[in-house]
Amino acid sequence: MKQRSFWKNVLCAALAMVWVPLLYSLMAAAPASAATPKHYTDLSFSPLPEVNVPAYERFRLPNGLIVYLMEDH
């Protein structure tokens, strides 16, 4: 019984030594395919949504910096 188990383990190890590198090389050899990029003038996009800016207050600080204050809930 021990003899059979030993040869079974040897066979599994031998198969793993053959199949693992073979499967890895097959998976690694396939190049990734990508579409050819278009020129930027050929690209088309949907219109952008309208931006709604909430009411704001404008302040000028003593050092001349302009600050815009708006609520954000």
Side-chain angles (χ1 to χ4, degrees):
M1 188 72 156
K2 286 186 178 185
Q3 187 74 8
R4 186 174 192 192
S5 175
F6 171 77
W7 287 111
K8 186 177 179 182
N9 289 341
V10 169
L11 179 63
C12 287
L15 287 174
M17 289 173 49
V18 171
W19 283 104
V20 169
L22 179 66
L23 291 176
Y24 179 75
S25 65
L26 289 175
M27 289 171 42
S33 62
T36 304
K38 296 181 180 179
H39 191 264
Y40 75 95
T41 56
D42 297 335
L43 298 175
S44 61
F45 299 100
S46 59
L48 296 175
E50 186 177 328
V51 177
N52 296 323
V53 179
Y56 61 89
E57 295 181 47
R58 182 179 187 264
F59 297 99
R60 181 181 296 269
L61 298 180
N63 64 358
L65 185 70
I66 298 175
V67 178
Y68 293 93
L69 178 67
M70 62 179 83
E71 271 187 68
D72 182 18
H73 293 280

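Bear in mind the structure is a predicted one, so any value in this text is a computation, not a measurement. Atoms considered below: every heavy atom in the structure, side chains included; atoms not considered: hydrogens, waters and symmetry mates.
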Tabulate below the donor-acceptor pairs under 3.5 Å that side-chain atoms of residues 37-48 make, not counting sequence neighbours, or state none.
unit_1 : atom_1 : unit_2 : atom_2 : d
H39    : ND1    : T41    : N      : 3.3
H39    : ND1    : T41    : OG1    : 2.8

Same cluster (ILVMFWY, side-chain, under 4.5 Å), V53 and L69: no

Residues forming a side chain to side chain contact (heavy atoms under 4.5 Å, CB included) with L11, sequence neighbours excluded: L15

CG/N63: more than 12 non-hydrogen atoms of other groups inside 6.0 Å: yes

With sequence neighbours excluded, residues passing side chain to side chain contact (heavy atoms under 4.5 Å, CB included) with N9: S5

Contact summary for P54 and E71, nearest pair of heavy atoms: CG-O, 4.2 Å

Members sharing M17's hydrophobic cluster (side chains within less than 4.5 Å): none

Side chain to side chain contact (heavy atoms under 4.5 Å, CB included) partners of V10, counting only residues at least two apart: F6, W7

Contacts of type side-chain hydrogen bond (donor to acceptor under 3.5 Å, both in side chains), residue R60, not counting sequence neighbours: none

F59: partners by ring-ring contact (aromatic ring centres under 6.0 Å, His included), with sequence neighbours left out: none

For Y56, side-chain hydrogen bond (donor to acceptor under 3.5 Å, both in side chains) partners two or more places apart: none

E50: side-chain hydrogen bond (donor to acceptor under 3.5 Å, both in side chains) partners, not counting sequence neighbours: none

